[in-house]
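A short worksheet on the structure shown next.
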There are 2 protein chains.
Amino acid sequence: MSTRPDPEPSLQDEAARAGWLYYVGGLTQDQIAQDLGVSRQRAQRLVSRAMAEGLIHVRLNHRIGACVDLEKALTARFGLTRCRVAPDLGPGSDGVRAIAPAAAAEFERFLRMSDPLVLALGTGRALRGMVDAVSDGIAAEHHRLVSLIGNIAPDGSASFFDVVMRLADKVRAPHYPMPVPVISSTPEENAAFHALPPIRRVVDLARQADVIFVGIGQMSDDAPLLKDGFVTREELDAMQAAGAVGEVAGWVFRRDGRYLEVGTNRRTGGVRVEPGLDRPAIGIAAGATKVPAIAGALTARIVNGLVTDEPTARAVLALAG
Amino acid sequence: MSTRPDPEPSLQDEAARAGWLYYVGGLTQDQIAQDLGVSRQRAQRLVSRAMAEGLIHVRLNHRIGACVDLEKALTARFGLTRCRVAPDLGPGSDGVRAIAPAAAAEFERFLRMSDPLVLALGTGRALRGMVDAVSDGIAAEHHRLVSLIGNIAPDGSASFFDVVMRLADKVRAPHYPMPVPVISSTPEENAAFHALPPIRRVVDLARQADVIFVGIGQMSDDAPLLKDGFVTREELDAMQAAGAVGEVAGWVFRRDGRYLEVGTNRRTGGVRVEPGLDRPAIGIAAGATKVPAIAGALTARIVNGLVTDEPTARAVLALAG
DNA sequence: CCACTAAGCGATCAATTGCTCAATCGCTGC
DNA sequence: GCAGCGATTGAGCAATTGATCGCTTAGTGG
């Protein structure tokens with residue numbers, strides 16, 4: 001119908017255009033096919049691809065009453081500076097899916113600030129989801145992104161630690177990974193790493209971060225630290241016996257949010273998030289198994305802000321009354 | 001399935017939740033119906049309502065190559081400070097639909113700035129669309145919104161002029177309407193209005209605006225000024241004979257962007273956007289009939305930024321080559 | 001040069017969705 | 001008290017959509 005003189009649109013361009021016509025324009029896939037001069041099946045695949053690759057962002061522009069109430073309750077109970085509760089996505093669904101857009105929006109608030117900031121980040125699935133949901137094209141060259149946690153895994157795989165890198169790539173900000181083992185095999189090895197001047201500089205930068213975003217891990221039998229091979233079954237058992245319920249940036253804490261003095265905490269690299277900071281320290285976490293961990297981190301004010309979902313928020317309040 | 005203890009969710013809450021489950025969660029309407037405990041038809045109506053009421057925002061997160069090229073070409077040709085070109089929504093569609101999200105994003109950039117700004121706005125369908133697409137919940141109490149154009153219509157209807165009010169309502173910013181006739185019946189009446197001290201204060205505020213957002217109207221036979229009854233057929237004919245092609249905030253200009261010295265310009269209230277400002281003056285406009293008007297406003301630098309759509313961008317470049 | 005693999009394409013078909021219509025509900029005014 | 005009126009509801013149905021399958025094509029390695 002409309003003649004398009006596109007010389008050579010990339011596949012992504014075509015997918016984006018199809019998604020735009022479908023979701024914003026409200027055209028049917030048949031019309032899109034006709035407009036783009038392709039078969040209907042191809043149009044359908046383009047639309048689906050646009051969504052899958054995150055070319056189309058969908059955000060909820062209404063504060064659902066029940067969620068606002070939970071935010072208020074959490075803020076009051078734990079004295080939070082920021083709190084967002086995303087609506088439930090239904091029983092079968094993944095908490096990370098639900099909180100990723102809200103977490104991204106929260107993060108973008110800081111990205112858009114005009115004063116230069118140092119933004120410190122942990123790792124984990126929740127943060128990964130957040131980064132994927134951040135809009136690209138927000139230029140943030142004036143901010144610095146620094147990792148709180150080491151990027152050397154026991155098996156050498158670094159795939160899980162590119163949160164800062166992926167983000168830096170998206171927003172074109174300088175970034176500072178933490179080139180130390182997540183957990184060294186001995187306290188001495190850890191100390192040796194941290195004695196090196198280049199690493200000291202990264203650590204100092206992370207310590208002076210203006211804003212902190214971290215996931216919160218549980219220390220139950222399905223602990224991420226165990227699944228990813230950072231702690232052994234025996235170490236986990238020992239720390240559980242010592243009261244471990246959760247972990248932030250690899251540092252394990254008890255039910256009341258106090259850090260353990262034993263176990264892998266003596267060998268954990270990177271920067272520990274100190275309780276009671278006056279700067280924003282936002283926890284991003286959702287899921288039934290994380291409830292005690294989240295409650296602990298909030299109680300001790302390891303984090304003073306929270307992004308979570310509806311069932312988790314309810315459970316945390318029920319647990320911590 | 002999941003038990004929801006919602007005491008009394010409002011209709012909007014329910015719609016928002018349904019939309020969230022559908023668009024973000026990817027559930028089918030049957031599942032949503034089951035989850036919310038309503039019939040499938042009701043779920044479908046809630047989802048549709050969520051979209052219609054703008055509770056769900058969809059944004060394209062990819063710069064389509066062809067649009068980027070047009071932005072570059074317009075920027076180079078007219079020396080613009082900002083330029084956004086939204087993809088075509090297809091032949092039958094309305095240009096305003098296409099540019100509203102992009103315009104809103106542009107506007108939100110300024111809203112989010114931490115320094116207090118004076119933001120001046122015109123009127124028109126394009127600005128109205130932009131305002132509707134602005135996310136609510138961006139607190140902007142520190143900015144001031146001021147209208148460039150009078151809010152007294154010949155027939156007394158003010159429905160068209162609530163752009164600033166609607167916006168102020170959304171972002172909770174103080175706002176300053178311009179309580180003068182859009183176009184007075186005599187130059188003397190206009191002068192009398194502008195001599196009043198309270199009006200002088202609003203005018204002064206608008207003159208010192210840090211950022212300006214305006215629509216661009218055409219002066220062809222379907223001119224908005226004529227349709228809305230601000231000028232008579234005879235006045236339009238006379239101004240067309242004098243070379244009128246477009247209008248910004250009610251002030252009529254010629255093909256080269258110079259303001260007319262005749263016609264209603266001698267009686268137009270409010271603040272004229274002066275050519276060549278050093279502050280951002282963003283035009284929001286799309287549509288085949290507006291092409292000469294847009295080209296004129298760009299040529300004379302009445303606006304130094306533009307948000308438009310793909311076919312309009314092509315046409316403007318073709319005309320002003 | 002040929003076999004093999006992976007990716008993309010179009011057709012068919014079942015599931016999902018959105019629209020129309022008649023019935024019901026709740027409210028207003030007589 | 002009841003007729004009238006608008007809004008809301010559920011049922012049925014047609015259009016739209018997404019998945020599967022076999023086929024073709026392009027690229028790879030022997």
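Below, read A as the first sequence line, B as the second, and so on, with proteins coming before strands; counting in each chain starts at 1.
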Would A:Arg17 and B:Glu310 satisfy salt bridge (Lys or Arg N to Asp or Glu O under 4.0 Å), going step by step from the backbone distance to the final call? CA-CA 12 Å; A:Arg17 193 180 286 275; B:Glu310 219 176 340; 2.7 Å; yes
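- The shortest distance between side-chain heavy atoms of A:Arg49 and A:Gln12 does not fall below 4.5 Å.
- Side-chain contact check for B:Ser220 and B:Asp222: at least one donor-acceptor pair (N or O, by modelled atom type) lies under 3.5 Å.
- No hydrogens or angles considered: nothing links the side chains of A:Asp169 and A:His175 as a donor-acceptor pair under 3.5 Å.
- A:Asp94 has its side chain out of reach of A:Leu89: every pair of non-hydrogen atoms, C-beta onward, lies at least 4.5 Å apart.
- The line from CD of B:Glu108 to CE of B:Met130 is 9.5 Å long, rounded to the nearest 0.5 Å.
- In this structure, B:Arg109 places its CZ atom where more than 12 heavy-atom neighbours from other residues, nucleotides or ligands lie under 6.0 Å away.
- A heavy-atom distance below 4.5 Å is not found between the side chains of A:Met51 and A:Val47.
- In this structure, B:His62 and A:Trp20 have side chains that are not in contact, with every pair of non-hydrogen atoms separated by 4.5 Å or more.
- For the helix from C:dC1-D:dG30 to C:dC30-D:dG1, the angle separating the two terminal helix axes comes to 30°, with each axis derived from five pairs and the value rounded to 10°.
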List the protein contact pattern of nucleotides 8-22 of chain D with one symbol per nucleotide (5' to 3'): B for base contact, S for sugar-phosphate-only contact, - for none; contact means a heavy-atom distance under 4.0 Å. -BBB-----BB-B--
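- If you run side-chain contact (heavy atoms from CB on, under 4.5 Å) between B:Ile32 and each of B:Thr28, B:Leu36, B:Asp35, only B:Leu36 comes through.
- Taking 4.0 Å as the cutoff to heavy atoms of chain A, we find the contact window on DNA chain C bounded by C:dC9 to C:dA11.
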